[in-house]
Amino acid sequence: MTKKELNDILTTINDCTSLEELDKTRVYYLGRKGHFNKMMSVMAKMSHEERVSFGKEINHLKYTVNVELLKKHLEIEELEYNKNLEKERIDVSANLSKINSGTLHPINKTTNEIIDFFKNLGYQVHLGPEVEHEDNNFSSLNIGKNHPSRELFDTFFLKSNDLLLRTHCTNVTARTLKEDLYKTKLASVSVGNVYRKDKDDSSHTHQFTQIDGFFVGEGITMSNLIWTLQSLCKTIFGTETQSRFLPSYFPFTCPSTEVNTICWNCNNNGAHCPLCKGTGWLEILGAGMLHPKVLKNCGWNNDNIKGFAFGIGVERVAMLKYLVPDIRLFFKNNIKFLRQF
Ligand code: DAH
């Protein structure tokens, strides 16, 4: 075979553009009835020496062609692979249709803010049942048998008269105080739904959210209560917020207090302020020093141990913070309303 003939074969291989074409070319030259085998048919008439040297030459040529075929095969394969990659390419930067992500419900947002405040001070967080025994909801908390909140028109009782839907989260305060093993020092907050047999209107719902908490230990005084709740008000309504503590009454605390903050809307200046109704102050929460009877009922018998407690209506705080005029808006699932927070 002349050099030109070999070059022609190599060029034919190189000109192939697909694997099928390349395979046909391979069969044409190297197949059983192919070009090289045909060339070898002349060997029959050759002498032994001629045959050996001719055979060697053919084998060498076949090897050269094979290598070229293999190189071309790899080249075409890579080209096809890249072509497919290009075809199947996904443009990850493409503008997809807008994904609607949710926002935290204002009640959850306010709850998280308050709970985070107490967690940062080292308070534990406890949860309790919404269906409660009257003992944890009333008796242990010094709420006597004749207290009005025990009336059928104030509380949802279950068929068994000892069970009810809790009217406040102070039931968890009773439970946590009772369950503590050491009875030396404890700070805890709880959060959850509470139920009252109220007619729903712009400031009442039969179900709402409360956060209840306490700090008991030796040497705890009213000034600890004041510092803690003043700091809480500043955290929720801003560092400039002033608060005042008015006398109040709860059966489970003595003394009891109602905590007000200065109205952040009019700063105690607006006779016609819609938020504070001209009083200059906003009622935020109830609190007090835990009644000694409550501590005893919950198994805390050391007279040197005192504690303060507090109860916060989360909807009320959220209404004041975000100027929401009607508590029912929180429960209506109106996306336009909820998206604002
Ligand atoms: N449980 C009270 C209520 O629902 C709120 C409250 C007031 C809770 C004073 C307390 C407290 O722990 O010390 O109205």
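In listed order, ligands and their atoms are each counted from 1.
For the ring pair (Phe, Tyr, Trp, His ring centres under 6.0 Å) test, residues two or more places apart in sequence or in another chain that qualify with Phe250 are Phe252.
Under the 30°/60° scheme for interplanar angles, the aromatic rings of Phe330 and His105 are found to be tilted. Taking the six-membered ring where tryptophan is involved, the planes of Tyr195 and Phe156 are perpendicular, since the angle between them exceeds 60° and thus also 30°. Ring geometry for Phe341 against Tyr322 counts as perpendicular: the plane angle is over 60°, on a 0 to 90° scale with 30° as the lower cut.
Ser41 places a side-chain N or O within donor-acceptor distance of the main-chain N or O of Lys38, the cut-off being under 3.5 Å.
Sorted by chain then number, the residues whose non-hydrogen atoms approach ligand 1 to under 4.0 Å are His168, Thr170, Arg196, Gln210, Asp212, Phe250, Phe252, Thr253, Gly286, Ala287, Gly288, Ala309, Phe310, Gly311.
Ring centroid separation for the pair Tyr123 and Phe214 does not come in under the 6.0 Å cut-off.
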